[in-house]
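What follows is a short report on a single structure.
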Amino acid sequence: MWVRSMYRPKPLSRLDHPREMIRQFTPNWFAATMGMGILALALPQVPGIGPSLKPVGEVLWFFNIALFALFAGLYGARWVMFGHEARRIFGHNTVSMFIGTIPMGLATIINGCFAFGIARFGNGIVPVAHVLWWIDVAMSLACGVLIPYMMFTRHEHSLDGMTAVWLLPVVAAEVAGASGGLLAPHLADPHAQLVTLATSYVLWAYSVPVAFGILAILILRMALHKLPHESMAASSWLALGPIGTGALGMLVLGADAPAILAAHGWPVSVPSRMGIEARRIAGIRDALLRLSIGLEHVDDLIAGLEKGFSA
């Protein structure tokens, strides 16, 4: 028994060939980069001890970059070497949802460029983050459109089998939108700032209402069929994602919009029933696109539109 307890199987020893690691690699692993990136970004924000934890967060950010590069290489190799098998993932009811973790994992790396990269490498890292952000936008939109399309046309789903992983391909867009809000103030070109801001609002508006609709269905599923199976219990925490990221996106974009829109001479309306400090705390800035989600009294909306059209 002592000899048996001392034995530890070597990595990959149960695989017929080392390349089976590539063959069996799935996007689920990118959830690790997403979680590690969130932790790296959160550590410097801890009240009181955040500055002392920032070096730890920076180390985790660098490690997350290496991990994401490794996973991207493995998954890319699978498509090259076993493309006919890799395509089958789109027909899987659950694993296909985790494709959304790829752009969300990349988004944490992009956000880390502003939290750690500028201090370490200077403003030269901003163009790199800008390019990565557009790649992230493309992947997020592709996930948010392609995976639901597969759900509608090829997958076999039922209400009792629903879990919070349905949120993963949809929430990727709002995560990219929040990242765009962090990116826009660092861009030197005013036009690039405006394009980034507008794109981020589109991503936010595309993702958040759909995600909240899924949350409503998820509550109905739990009311009718009770808690999910224990193997998927941890996925219930994913329900917090669209709520937190949606709020973050509103705060960040609302903070960016006034200066960016004013630089282009766009009129800015002011809600008449909220003070400046109250709007700042709520993340509602003068240029927030309230009309798209109906957050303002109809009289204020009419007055704002009249002022904008008459300018």
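A quick note: this is a predicted structure, and the numbers were derived from the prediction, not measured. Residue indices begin at 1 and follow the sequence shown. Hydrogens, waters and symmetry mates are skipped; everything else that's a heavy atom, side chains included, is used.
Cluster annotation: L183 is not connected to V202 through the hydrophobic network of ILVMFWY side chains, with a link wherever side-chain heavy atoms come within less than 4.5 Å. Side-chain heavy atoms closer than 4.5 Å link hydrophobic residues (I, L, V, M, F, W, Y) into clusters, and following such links, even through other members, never connects F68 to V59. Tracing side-chain contacts under 4.5 Å through hydrophobic residues (I, L, V, M, F, W, Y), one never reaches V170 starting from L240; they form parts of separate clusters. L74 and I65 fall within the same hydrophobic cluster, defined by Ile, Leu, Val, Met, Phe, Trp and Tyr side-chain heavy atoms under 4.5 Å apart, directly or through other members.
Partners of F114 by ring pair (Phe, Tyr, Trp, His ring centres under 6.0 Å), not counting sequence neighbours, listed by chain and number: H186. Residues meeting the side chain to side chain donor-acceptor pair (under 3.5 Å) test with Q193, sequence neighbours left out: none. Remark: V46 engages I49, L53 in a side chain to side chain contact (heavy atoms under 4.5 Å, CB included) (not counting sequence neighbours). By the side chain to side chain donor-acceptor pair (under 3.5 Å) test, S207 is found to be paired with E174, residues two or more places apart in sequence or in another chain being considered. Under the side chain to side chain contact (heavy atoms under 4.5 Å, CB included) criterion, L194 pairs with I260, L261, H264, W266, not counting sequence neighbours. Every residue two or more places apart in sequence or in another chain was checked for a side chain to side chain donor-acceptor pair (under 3.5 Å) with T196, and none qualifies.
Taking CG of L253 as the start and CG of L182 as the end, the distance is 8.5 Å to the nearest 0.5 Å. In this structure, CG in L141 is found 7.0 Å from OH in Y206, a value given to the nearest 0.5 Å. Atoms CG and CZ, on L43 and F116 in that order, are 7.5 Å from each other to the nearest 0.5 Å. In this structure, the separation between CZ on R120 and CH2 on W61 is 9.5 Å, given to the nearest 0.5 Å.
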Return a table of donor-acceptor pairs under 3.5 angstrom between the side chains of residues 75-84 and protein atoms on other chains or two or more places apart.
from: Y75; atom 1: OH; to: W79; atom 2: NE1; distance (Å): 3.4
from: R78; atom 1: NE; to: R23; atom 2: O; distance (Å): 2.9
from: R78; atom 1: NH1; to: F25; atom 2: O; distance (Å): 2.8
from: R78; atom 1: NH2; to: R23; atom 2: O; distance (Å): 3.4

With a 3.5 Å cut-off and sequence neighbours excluded, list the donor-acceptor pairs that the side chains of residues 213-227 form with protein atoms.
from: R221; atom 1: NE; to: M162; atom 2: O; distance (Å): 2.9
from: R221; atom 1: NH1; to: K226; atom 2: O; distance (Å): 2.4
from: R221; atom 1: NH2; to: D160; atom 2: O; distance (Å): 3.0
from: K226; atom 1: NZ; to: A223; atom 2: O; distance (Å): 3.3

Output side-chain donor-acceptor pairs under 3.5 Å for residues 125-138, partner residues at least two apart or in another chain, one line each.
from: H130; atom 1: NE2; to: W134; atom 2: NE1; distance (Å): 3.1
from: W133; atom 1: NE1; to: A176; atom 2: O; distance (Å): 2.8

Give every donor-acceptor pair under 3.5 Å between a side-chain atom in residues 26-40 and any protein atom, sequence neighbours left out.
from: T26; atom 1: OG1; to: N28; atom 2: OD1; distance (Å): 2.9
from: T33; atom 1: OG1; to: F30; atom 2: O; distance (Å): 2.6

Under 3.5 Å, side-chain donor or acceptor atoms of residues 145-155 against the rest of the protein: list the pairs with distances, not counting sequence neighbours.
from: T153; atom 1: OG1; to: Y149; atom 2: O; distance (Å): 2.8
from: H155; atom 1: ND1; to: H157; atom 2: NE2; distance (Å): 3.1
from: H155; atom 1: NE2; to: F90; atom 2: O; distance (Å): 2.7

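Contact annotation: the side chain of I102 never approaches that of L106 to less than 4.5 Å [non-hydrogen atoms, C-beta and beyond]. Side-chain contact between F121 and C113: absent, with no pair of heavy atoms (C-beta onward) separated by less than 4.5 Å. At a threshold of 4.5 Å between non-hydrogen side-chain atoms, the residues M104 and T108 do not count as touching.
Of all heavy-atom pairs spanning A115 and L41, the tightest one is CB-CD2, 4.0 Å. Shown here for P103 and S140, the closest heavy-atom pair between the two residues is CB-OG, 3.4 Å.
Each ring-ring contact (aromatic ring centres under 6.0 Å, His included) pair with one or both residues in residues 35-58, not counting sequence neighbours, would appear here, but there are none.
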